[in-house]
**Student:** 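Sharing a structure with you now.
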Amino acid sequence: MNIREVKEEITNALNAYHIKDEYGNYLYPVRQQRPILLMGPPGIGKTAIMEQIASECDVGLVSYTITHHTRQSAVGLPEIIQKSYHGESFSVTEYTMSEIVASVYECIERTGKTEGILFIDEINCVSETLTPTMLQFLQKKMFGSHKIPEGYLIVAAGNPIEYNRTAREFDIVTLDRVRCISIEPDLKCWMQYAANQGIHGAVLSYLRIRENDFYYIDLKEDKNIFVTARGWEDLSEMIAIYERMGYEITLQQVSQFIHEKEIAGSFTAYYRLYRKYQLDYSIVELMNSSLNEQAKRNLSKLADAALLEERMTVAGMILDTILQCFQKYHQTDAYVVNLYEKLIFLKGKLKAEDKDTLVKVEEFIKKQKEILKIKLDTGIIAEEQVRAERYAIAKLEEYFLYLKKEHIWNAEEIYVNLKSFFQKEVQKREQAVQTCSAYLERGIHAVDMLFGKGAELTMLLSEILDNAYAMDYICRFGSAVFLEFTSDLIGEEKGRELQQECRKYLVQSHKGEI
C-alpha cells in the first residue's frame, strides 16, 4: 500500500472499532480489535499520518518511540503490597502504572476524548527484556497489569530488518495477533501531499523529471546511502528559509538531507538551473501579466529552442505558482471560517445587560489559549489548524486591545466593532479568490503560449486536477478557461461531467457562505 491507502485503512479501522450499539457497547469485540502493525522503510511518513488521522477523526493521540523505554518505564516499577489469602497475610509484588498507559489516561483527562490512537514506533527494536511485554501488549492491550482504555486503537510501526540493524523479525505468534500492513514509497501519492504542503517548487520540478531519485536506499557495511521522502521535505524547508534569508544553497547543505552523492549533486545542479530559468523566463512578470507583447514573443522564441527538461521545468514553475496561490486561498479561507466561528460563539456570551463585557472577551481569549495548549500537548491538532487557531487568537487580542483603548464596554457596540473588523478579513479572502482566478487563467495561457498543447500543458492540467486545494477552489468558484482546456485533455464527455460536478458543488457551497 502507499501512504494514502494506509491512512484510509487506519481511518476505517478506527471508525469500525468505535461503532457502538444503542447501549454504548462496542459492536466490534474489544478482544478482537487487532492492533495495526505498519512495516515500511524509514522516512516514508508513518508518524505524520497518525497526526493527520487523529486530527481529522477528532480523537486523542499518544505517541511513543519504544526504543527510548526500559522495562520499568513500559511496565511500571515494582512495589510490595500486603494481600490476604484464606485469612493469612502475604507480601506480594505489584507494579505501578506504566508511563505509557498513564500518558493515555492523561490525554483523556486533558482533552475529554475517551477514544483515540496509541502509536508505538520502532516496535521491532525493543530490547530482549521487553519482548514478552510487547507480545502481551499486542495480545491483550495491556502493559503489565494495566489495560489500555477500550476506545484506543493501537498502531505500531517498525522498519524491516534490512533497514535497521537493531530490528528483529516478528514471529508467527506475534503476526497472528496484528493486522500487518506493508507500506511502499509512492511518488505520485507523495507529490499530491507535497503540493498541498507547499513543498519547494525546485524539489517538485526535479522529482517530476527524475522519478527514480525520489526514494533510494543502499545499505553498505561501511556506510549507509539513502534518500527518503522525509529528506526531500526537510530539504524543501531548508531551501525556503535560506532563500528568504539570502543564503546560498550548496552541495554540502543538500548532502545533509540527500544521502546519495550522485542524487545530491544532480539536485544541486538542477536547483541552480531552476533559479536561472526563473529569471530567463520572467516567471514573476509573466504571472503578474506585466510583460509587453515583444517580451512575450522573446520568451516564445526561447521556449521553442529549449530541450524537454527545460520546458518541463518552466511549466513546473508556472504550475507551482498556481498551486501556491490555491494553498494561500485555502489557508485564508480556513482563517476566516475559524475566526467567524469564534466570533459567533463570543457573541452568544455577550448580553446587553452585562456590565463586564470586556472581561468576558478577555476570559474568552484566555480560554481559547488554554484549549490550544491542550491540543498541542496531546498532539491532536494538525499544523494547519494550529496556524488557524493562532491567527484567530492574535486577531481577538488585537480587537480586545482596540475595544479597551477606545473604552467600548457596551455589548452592542462591541459586536458592531467586531463585525467591522471581521469584514476586513472577508475582504482578504475575496482578494485571494480574485488572485487565484487570475493566476490560474494566466498560467494556463502562459504554458499554451510558450509550449502549445503538448506534454507541458498536459502535465499542468493533470496536476491541477489531482490537487485537492485546486479542485476545491474550482468547484466553488468555477473557471471557464480551466474547464475549456481540460475538456481537450480528458474528452468532451468527461469535461461536461466535471462542469456538472462543479455547478452542483457551487450551489451547495454558497449555502454556507459567511
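Keep in mind that this is a model prediction, so the values were computed, not measured. Sequential numbering from 1 along the given sequence is applied to the chain's residues.
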**Student:** Below 4.0 angstrom, N of the basic side chain to O of the carboxylate: do R208 and E463 qualify?
**Tutor:**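 Yes.
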**Student:** The test is side chain to side chain contact (heavy atoms under 4.5 Å, CB included); show your working for I10 and L38 and say whether it passes.
**Tutor:** CA-CA 10 Å; I10 296 173; L38 305 178; 4.0 Å; yes
**Student:** Applying side chain to side chain contact (heavy atoms under 4.5 Å, CB included) to D121 and Y64, what does each step give before you reach the verdict?
**Tutor:** CA-CA 6 Å; D121 200 7; Y64 270 95; over 6 Å; no
**Student:** Whether the side chain of T486 engages the backbone of F482 through a donor-acceptor N/O pair (distance < 3.5 Å, no angle test) should be reported.
**Tutor:**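 Between the backbone of F482 and the side chain of T486 there is a qualifying donor-acceptor contact (under 3.5 Å).
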**Student:** To the nearest 0.5 Å, how far apart are CD1 in I117 and CD in E51?
**Tutor:**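 One finds 10.5 Å between CD1 of I117 and CD of E51.
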**Student:** Counting only heavy atoms not in L27, do more than 12 fall under 6.0 Å of its CG?
**Tutor:**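 Atom CG in L27 is crowded, with more than 12 foreign heavy atoms closer than 6.0 Å.
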**Student:** Hey, could you give me the CD1/CD1 distance between I154 and I123, rounded to the nearest 0.5 Å?
**Tutor:**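 Result: 8.5 Å between the selected atoms.
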**Student:** Which heavy atom of A388 sits nearest to which heavy atom of N338, and what is that distance?
**Tutor:**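 That closest heavy-atom pairing would be O-ND2, 3.1 Å.
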**Student:** Test your reading of the model: is there a side-chain donor-acceptor pair from Q253 to the backbone of T250, 3.5 Å cut-off?
**Tutor:**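 Answer holds: yes.
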**Student:** Minimum heavy-atom separation for I108 and P149, please, with both atom names.
**Tutor:** CD1-CG, 3.8 Å
**Student:** Can you tell me if NZ on K347 sees more than 12 non-hydrogen neighbours from other groups inside 6.0 Å?
**Tutor:** no
**Student:** Just one of K349, K342, E341 clears the side-chain contact (heavy atoms from CB on, under 4.5 Å) bar with F345, so which one?
**Tutor:** K349
**Student:** Measure the shortest side-chain to side-chain distance between Y329 and Y439 over non-hydrogen atoms and say whether it is less than 4.5 angstrom.
**Tutor:** no
**Student:** To the nearest 0.5 angstrom, please state how far the CG atom of L14 sits from the OH atom of Y152.
**Tutor:**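 Here the interatomic distance stands at 10.5 Å.
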**Student:** Dump the intermediate steps for side chain to side chain contact (heavy atoms under 4.5 Å, CB included) on V59 and L153, then the final yes or no.
**Tutor:** CA-CA 10 Å; V59 297; L153 166 67; over 6 Å; no
**Student:** Check whether the side chains of Y270 and T313 place a donor and an acceptor atom closer than 3.5 Å, and report yes or no.
**Tutor:** yes
**Student:** Could you check whether E122 pairs with K46 (Lys NZ or Arg NE/NH1/NH2 to Asp/Glu carboxylate O, under 4.0 Å)?
**Tutor:** no
**Student:** Sequence neighbours left out, what passes side chain to side chain contact (heavy atoms under 4.5 Å, CB included) with A229? Give chain and number order.
**Tutor:** W190, F214
**Student:** Looking only at heavy atoms, what is the nearest atom pair of C436 and C325, with distance?
**Tutor:** SG-O, 3.2 Å
**Student:** Are any of the side-chain heavy atoms of Y26 and H18 separated by less than 4.5 Å?
**Tutor:**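 Result yes, sub-4.5 Å side-chain heavy-atom pair found.
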**Student:** Taking atom CD as the centre, does E262 end up with more than 12 heavy-atom neighbours from other residues, nucleotides or ligands that are less than 6.0 angstrom away?
**Tutor:** no
**Student:** For Q385 and S55, which I'm curious about, is there any donor-acceptor pair between the side chains at under 3.5 Å?
**Tutor:** yes
**Student:** Taking K20 first and then E150, would you say they form a salt bridge - that is, a charged N and a carboxylate O separated by under 4.0 Å?
**Tutor:**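 Here K20 does not pair with E150 in a salt bridge, since their nearest N and O are not under 4.0 Å apart.
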**Student:** For residues M238 and Q256, determine if any side-chain heavy atom of one lies less than 4.5 Å from a side-chain heavy atom of the other.
**Tutor:** no
**Student:** Working to the nearest 0.5 angstrom, can you tell me the gap between N12 CG and I53 CD1?
**Tutor:** 9.5 Å
**Student:** Answer yes or no: does atom CG of N212 have more than 12 heavy-atom neighbours from other residues, nucleotides or ligands under 6.0 Å?
**Tutor:**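 Check fails, neighbour count at 12 or below.
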**Student:** Ignoring hydrogens, what is the shortest heavy-atom contact between C57 and N15? Give both atom names and the distance.
**Tutor:**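 In terms of heavy atoms, the two residues are closest at SG-OD1, 4.5 Å.
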**Student:** How far apart are the closest heavy atoms of P160 and P41, and which atoms are they?
**Tutor:** CD-N, 4.2 Å
**Student:** For R110 and K375, indicate whether the former's side chain and the latter's backbone hold a donor-acceptor pair under 3.5 Å.
**Tutor:** no
**Student:** So V336 and K428, side chain to side chain contact (heavy atoms under 4.5 Å, CB included) or not? Walk me through it.
**Tutor:** CA-CA 9 Å; V336 170; K428 288 182 186 177; 5.8 Å; no
**Student:** Are L440 and I474 close enough that some pair of their side-chain heavy atoms sits under 4.5 Å apart?
**Tutor:**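 Yes, at least one pair of side-chain atoms sits under 4.5 Å.
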**Student:** Residues in side chain to side chain contact (heavy atoms under 4.5 Å, CB included) with N2, at least two apart?
**Tutor:** R4, E5, D186, C189
**Student:** Determine yes or no for a side-chain-to-main-chain donor-acceptor pair under 3.5 angstrom, with T332 supplying the side chain and R429 the backbone.
**Tutor:** no
**Student:** For residues Y274 and S205, is any side-chain donor paired with an opposing acceptor at under 3.5 Å?
**Tutor:**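 No, no side-chain donor-acceptor pair sits under 3.5 Å.
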**Student:** Tell me, do F267 and D213 make a side-chain contact under 4.5 Å, heavy atoms counted?
**Tutor:** no
**Student:** Flag the pair I249 / T268 as yes when at least one side-chain heavy-atom distance between them is below 4.5 Å, and no otherwise.
**Tutor:** no
**Student:** Verify, without hydrogens or angle tests, whether N467 (side chain) and Q192 (backbone) share a donor-acceptor contact under 3.5 angstrom.
**Tutor:**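 Answer holds: no.
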**Student:** Sub-3.5 Å donor-acceptor pair from the side chain of T111 to the main-chain atoms of C107, do we have one?
**Tutor:**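 Side chain of T111 to backbone of C107, a donor-acceptor pair under 3.5 Å: yes, one is there.
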**Student:** Side chains of F257 and E233: does their closest heavy-atom pair fall under 4.5 Å?
**Tutor:** no
**Student:** Using modelled atom types and a 3.5 Å cut-off, is there a donor and acceptor pairing between side-chain atoms of S236 and backbone atoms of W232?
**Tutor:**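 Pair absent, no side-chain N/O of S236 close to backbone of W232.
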**Student:** For a 4.5 angstrom cut-off between non-hydrogen side-chain atoms, does E425 reach L339?
**Tutor:** yes
**Student:** Could you check whether any side-chain N or O of Y271 sits under 3.5 Å from a backbone N or O of Y206, counting only pairs where one atom can act as donor and the other as acceptor?
**Tutor:**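 Here the side-chain-to-backbone pair does not exist.
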**Student:** Looking only at atom types and distance, does a side-chain atom of Q33 sit under 3.5 Å from a main-chain N or O of Y28, one as donor and one as acceptor?
**Tutor:** yes
**Student:** So, taking the atom named CG in L372 and the one named CD1 in I393, what distance separates them when rounded to the nearest 0.5 Å?
**Tutor:**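 Atom-to-atom, L372:CG and I393:CD1 are 5.0 Å apart.
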**Student:** Give a yes or no on this: more than 12 heavy atoms of other residues, nucleotides or ligands lie within 6.0 Å of atom CD of E109.
**Tutor:** no
**Student:** To the nearest 0.5 Å, what is the distance between CG on L461 and CE on M459?
**Tutor:**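 The CE atom of M459 is 9.5 Å from CG of L461, to the nearest 0.5 Å.
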**Student:** How far apart are the closest heavy atoms of L187 and L207, and which atoms are they?
**Tutor:**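 Heavy atoms only, the tightest pair is CD2-O, 3.6 Å.
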